[in-house]
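Written out below as structure tokens is the structure these notes cover.
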Amino acid sequence: MEISHILVPTDFSPFSDLALEHAASLAEKFGAKITILHVLTLAEVNALTSQPGNPWENIVLKIQNNMREEFEKNAGNYSIVEEPVLEVAVGEPAEEIAKFAEENGVNLIVMGTHGRTGLASIFLGSVTIGVIKKTCLPIMVVKCAESLK
Ligand code: ATP
Ligand code: MN
């Protein structure tokens with residue numbers, strides 16, 4: 001198995017914090033590059049762009065800043081070959097994550113078992129289930145909370 005391009009889909013939850021740390025640790029070992037991807041639904045985009053003085057470019061810049069911060073905070077102490085690439089996509093999250101991975105030569109996806117909802121009674125979050133269904137690429141699923149055991 002080659003690990004040269006790792007995709008970390010983030011929803012800025014503690015689970016994606018942990019996914020970033022694992023991804024950076026692997027990227028350091030394998031000399032891989034990392035892409036971080038956040039997907040906004042069309043409804044989220046419409047709500048955000050309908051606010052006055054909030055053009056799309058600003059929204060993307062803000063999300064990229066959040067990604068940079070999340071990466072620095074959780075994975076900043078790993079030495080990786082290049083700065084992570086920061087991507088924002090619009091659509092159905094699982095579909096966009098799988099599509100991005102397949103179209104961009106990703107060979108490992110690292111993501112959380114859960115995300116912002118984080119319900120312990122649910123085995124896996126719907127985005128993770130969707131990605132597993134939609135791609136044949138290897139996926140590393142990480143879990144952070146004791147409370148989810
Ligand atoms: P649900 O959304 O089904 O109520 P949840 O929020 O607990 O449950 P998921 O949304 O499936 O669980 O989150 C699992 C993982 O999927 C997260 O840790 C993150 O890696 C990724 N993820 C979730 N939402 C997005 C998103 N909008 N963009 C990119 N990655 C996401
Ligand atoms: Mn979610």
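Just follow the structure's listing: the first ligand is 1, and inside any ligand the first atom is 1.
Some N or O of Thr117 is nearer than 3.5 Å to an N or O of ligand 1, by distance alone. Considering backbone and side-chain N/O atoms, Phe15 never comes within less than 3.5 Å of an N/O atom of ligand 1. Any N or O atom pair closer than 3.5 Å counts here, and Pro93 shares no such pair with ligand 1. Residue contacts with ligand 1: Gly112 is placed with a nitrogen or oxygen under 3.5 Å of a nitrogen or oxygen of the ligand (distance criterion only). Considering backbone and side-chain N/O of Ile97, none are found under 3.5 Å from N/O of ligand 1. Residue-to-ligand polar distances keep Met111 apart from ligand 1: every N/O pair is separated by 3.5 Å or more.
Each of the atoms 29 (C) of ligand 1 lies under 4.0 Å from some heavy atom of Leu37. Set against the non-hydrogen atoms of Pro9, the atoms of ligand 1 under 4.0 Å away are 19 (C), 20 (O), 21 (C), 29 (C), 30 (N). Every atom of ligand 1 is numbered from 1 in the order shown, and the set under 4.0 Å from a heavy atom of Thr128 is 11 (O), 14 (C), 15 (C), 16 (O).
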Practice task
Give the intermediate values and the outcome of side-chain hydrogen bond (donor to acceptor under 3.5 Å, both in side chains) for residues Glu70 and Ser16.
Solution key: CA-CA 9 Å; Glu70 189 186 25; Ser16 51; 3.2 Å; yes
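In this structure, atom 27 (N) of ligand 1 lies nearest to the protein heavy atom Val39 O, 2.9 Å. In this structure, the protein non-hydrogen atom closest to atom 24 (N) of ligand 1 is Asp11 CB, 3.5 Å. In terms of protein heavy atoms, atom 12 (O) of ligand 1 is closest to Gly115 N, 2.9 Å. Protein heavy atom closest to atom 10 (O) of ligand 1, with residue, atom name and distance, is Val127 CG2, 3.3 Å. Protein heavy atom closest to atom 29 (C) of ligand 1, with residue, atom name and distance, is Thr10 O, 3.1 Å.
Among residues at least two apart or in separate chains, there is no salt bridge (charged side-chain N to carboxylate O under 4.0 Å, His left out) pair with a member in residues 123-144. Contacts classified as ring-ring contact (aromatic ring centres under 6.0 Å, His included) and involving residues 6-31 (residues at least two apart or in different chains) are given here: Phe12-His38, Phe15-His114.
Residue contacts with ligand 1, taken as heavy atom pairs separated by less than 4.0 Å, do not involve Thr41 at all.
Here the closest heavy-atom approach between residue Gly112 and residue Thr128 is recorded as O-OG1, 2.8 Å. Residues Met67 and Glu87 come closest through the heavy atom pair CE-O, 3.1 Å. The shortest heavy-atom contact between Asp11 and Gly115 is OD2-CA, 3.1 Å. Closest approach of Val81 and Gly31 over heavy atoms only: CG2-O, 3.7 Å. When every heavy atom of Val131 is checked against every heavy atom of Met111, the shortest pair comes out as CG2-CE, 3.9 Å. Between Met140 and Leu108, the closest heavy-atom pair is N-CD1, 4.1 Å.
Taking the side chain as every heavy atom from C-beta outward, Thr35 and Val8 never approach each other to under 4.5 Å.
The residue among Ala94, Gly125, Ser126 with a heavy atom at the shortest distance from atom 3 (O) of ligand 1 is Ser126. The residue from Glu44, Glu96, Arg116, His114 that puts a heavy atom closest to atom 18 (O) of ligand 1 is His114.
Counting heavy atoms of neighbouring residues, nucleotides and ligands inside a 6.0 Å radius, atom CD of Glu83 does not exceed 12 of them.
Under a 4.0 Å heavy-atom criterion, Gly118 is in contact with ligand 1.
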